[in-house]
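Comments concern the structure below.
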Protein chains: 2
Amino acid sequence: MGQPTIKDVAKLAGVSISTVSRVMNNSKPVSPEARQKVLDAIAKLDFKPNELARSLVMRKSNLVGVIVEDIGIEYMAQLIRGIEEIGRVYKYDILLQSSYGDENALNNSIDFLATKQVEGFIIITQNLSDEALLKLRETRIPFILLDKFHAYKNLTTVKVDYKKEQYNLTKYLFSQGNDNVLFIGDKADNVLNNAKIAGYREAIEELGKEEFIVKIDGITSNDGYNIGKEAIDVCKENGITAVSLLNDEVAIGFIDYCADNGIKVPDDISVAGFGDSSIASIYRPNLTTVAIPYYDIGAISIRALIKRIKKEDEILDKDWIIDCNIVARESSK
Amino acid sequence: MGQPTIKDVAKLAGVSISTVSRVMNNSKPVSPEARQKVLDAIAKLDFKPNELARSLVMRKSNLVGVIVEDIGIEYMAQLIRGIEEIGRVYKYDILLQSSYGDENALNNSIDFLATKQVEGFIIITQNLSDEALLKLRETRIPFILLDKFHAYKNLTTVKVDYKKEQYNLTKYLFSQGNDNVLFIGDKADNVLNNAKIAGYREAIEELGKEEFIVKIDGITSNDGYNIGKEAIDVCKENGITAVSLLNDEVAIGFIDYCADNGIKVPDDISVAGFGDSSIASIYRPNLTTVAIPYYDIGAISIRALIKRIKKEDEILDKDWIIDCNIVARESSK
DNA sequence: ATGAAAGCGCTAACAA
DNA sequence: TTGTTAGCGCTTTCAT
């Protein structure tokens, strides 16, 4: 004998299994005496309903599949926190899979999770191929895409308006008294980067300032260090006193370059990152940056997904745009 | 009509559902013709077996429950990576829950996951109460505990021998030419901290050196900064040239204090952390530390758990001790 | 080699 | 208010 089943409870309580089921689910009236007998039997046997069986008959697994590119990436972990915590409120549990950027692994995960009868997917990835998107659609299981670069049409999602955030950040830097602001963006032609450049440009144009953009070929702190010379040269030639970089890691590399070359941050030059990764508040100088509320994005995503599962998804007929906050710290003034 | 079922396949292929099942599982011989018809039907319908139904009848969910204190904590995310990736090799999927250190949430998670018929648990937490342990045992579901501080008897696990690692690190610092090494430990009386102190002491005694220990009341970088004065005073008075701190964050705070007070790391003093968190390799100076192979711990844990599930667990009659590596970087010489 | 039938643990008509 | 019964989608005897 393994775990006690509803039959064992029924036998011990001297009622039928339907009555036990009714007590458990409060689905139909049960006489107080019968209810008490059932409750006693449940307690005595320490009975726990088998959710697998329940899911099977109710055609409802209360499971959502979360496929994450790499849980080791800080912001993805933050997203999962929000998903998990809010999902639980709605009695949904998370089935977690990682794809490590491998298209094949992603496809397998989708299939696998579909066989587990997940009611929805949340896909957390830097980028998603059209093929994968197609595959996802074929399952006919609702999904939410949380990637950084996607620009698909007809696909509602929860996201950050990077253009607006970069616009705000740029204006903030000017408002601090900087006469010129350099933006260091990505050489890659992706939606994320283009949005930030557009936001920077909008602020520049609005203020009637001159545009200075340097493009970098990578997004690590090393890349930030390596762009240092070129960026500093541009700054010196043009009286630039503030540099806004595409992310925190690159910004930190850039600050390192400055430190190695006698340039004081923020005294000689103000520096801003983007993202508010954990290192931004530990590094010295602490980094001025834009805090992306990943937890909230995760939370809203799972709520939206569940609404969609329940077919109440008028609410997600448009994208959710999440506002970020500028976090002013030591690296800028 | 929702998803196609085995019945639909059987009908289309003109065979019984038993035959379809046999083809899918290769459980019994099937004639080549029948097999082909079934395969064709499966392909045509894009049929995917319902794992819920399968789990129910086979009494095997292929699910392990992972309860993590907080997925936002870097090392926990690393553990999950290992668990997830290796679990998948064995066809196990992860049902993820977070407890956020709340005993009640933990209990609920255990119950909840049990109803989902998980075959095993992996509990990742800083510390686990005796009550929770009892609760876990009552489920009669195999589990592995991955906490930092536990010292339960009769509980095999996968862990780091902190005493040995601190011993090795201390000896390493001496081998680099340091005459005296200060250890900065935790005021708290916990297994983890006591083990590190014991390791430090063993090295000290073995080398016939003098013991210097400063205790700190917290484990953040701020705490490391705040202990700076006291630690530096001890160093100056006793000709200490190397400081080994309980973790990377504290070490970085301490280095900050040094930087603010004209003490050069590593020229004036060598500093070592513990853990090899991501910041250790980004911070300047890069931090010498002990790399704990969390991914491997996760990987070995899930393997051990699966063996135990399959009752092949002679292999885990004792603890698994995972070796760490000293990562020598710029902060020490 | 194949199909009919029982049953995994549960819910939900349907009767009574 | 209650019990009986028929499934949910699948695996696995047991016959044939």
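This structure is a prediction, so every number in the text was calculated from the model and none was measured. We use all heavy atoms of the structure for the numbers below, so side chains are in, but hydrogens, waters and symmetry mates are not. Order of the sequence lines fixes the chain letters, A, B, ..., with proteins taken first and strands second; residue numbering starts at 1 for each chain.
Regarding K28(B), its NZ atom lies at a distance of 10 Å from the P atom of dA1(C), rounded to whole Å. Atom CZ of R22(A) and atom P of dT11(C) are 11 Å apart (whole Å). The distance from atom NZ of K60(B) to atom C1' of dG9(C) is 18 Å, rounded to the nearest whole Å. Between the P atom of dG9(D) and the CG atom of L45(B) lies a distance of 14 Å, rounded to the nearest Å. The CG-C1' distance, from L56(B) to dT12(D), rounds to 14 Å in whole Å. In this structure, CG of L52(A) is placed 11 Å from P of dG9(C), rounded to the nearest angstrom. Rounded to a whole Å, the CG atom of N26(A) is 15 Å from the C1' atom of dT11(C). dA1(C) atom P lies 10 Å from atom CD of E33(B), rounded to whole Å.
Distances shown here put every side-chain N or O of N50(B) at or beyond 4.0 Å from the OP1 or OP2 atom of dC8(D). Contact annotation: T5(A) does not reach the phosphate of dC8(C) (side-chain N/O to OP1 or OP2, under 4.0 Å). Look at T19(A) and you'll find a side-chain N or O under 4.0 angstrom from OP1 or OP2 of dG3(D). Side-chain N/O atoms of S21(B) include none lying less than 4.0 angstrom from OP1 or OP2 on dC10(D).
Checking S98(B) against E84(A) by side-chain atom types alone, a donor-acceptor pair falls below 3.5 Å. Remark: the E103(A) side chain and the S129(A) side chain contain an N/O donor-acceptor pair separated by less than 3.5 Å.
Interface remark: the R59(B) side chain does not form any donor-acceptor pair with the dG9(C) base, using a distance-only criterion of under 3.5 Å. With hydrogens and angles left out, the side chain of S18(A) and the base of dT4(D) share a donor-acceptor pair within 3.5 Å.
Checking dA12(C), dC10(C), dT11(D) against the side-chain heavy atoms of M58(A) singles out dA12(C) as nearest. Each of dG7(C), dC8(D), dT1(D) was ranked by its minimum atom distance to the side chain of V57(A); first place goes to dC8(D). In the set dG7(D), dC10(D), dG3(D), the nucleotide with an atom closest to the side chain of F47(B) is dC10(D). Closest to the K7(A) side chain, of the nucleotides dT11(D), dG3(D), dC8(C), is dC8(C). Proximity note for I17(A) (side chain, C-beta onward) versus dC10(D), dT5(D), dG3(D): the nearest is dT5(D). You'll find that the side chain of I6(A) is closest to dC10(C), out of dG9(D), dC10(C), dT2(D).
Atom CD1 of residue I17(B) and atom CE of residue M24(B) lie 11.0 Å apart, to the nearest 0.5 angstrom.
The residue among A53(A) and G14(B) whose nearest nucleotide of DNA chain C lies closer to the 5′ end is G14(B). The residue among P32(A) and N25(B) whose nearest nucleotide of DNA chain D is located toward the 5' end is P32(A).
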Run the side-chain contact (heavy atoms from CB on, under 4.5 Å) check on M76(B) and Q126(B) step by step: do they pass? CA-CA 10 Å; M76(B) 296 194 175; Q126(B) 306 263 12; 4.3 Å; yes

Would you sort out whether I292(A) and Y75(A) count as a side-chain contact (heavy atoms from CB on, under 4.5 Å), showing the intermediate values? CA-CA 9 Å; I292(A) 304 176; Y75(A) 83 86; over 6 Å; no

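Using a cut-off of 4.0 Å between Lys/Arg side-chain N and Asp/Glu carboxylate O, R54(B) and E51(B) are scored as salt-bridged.
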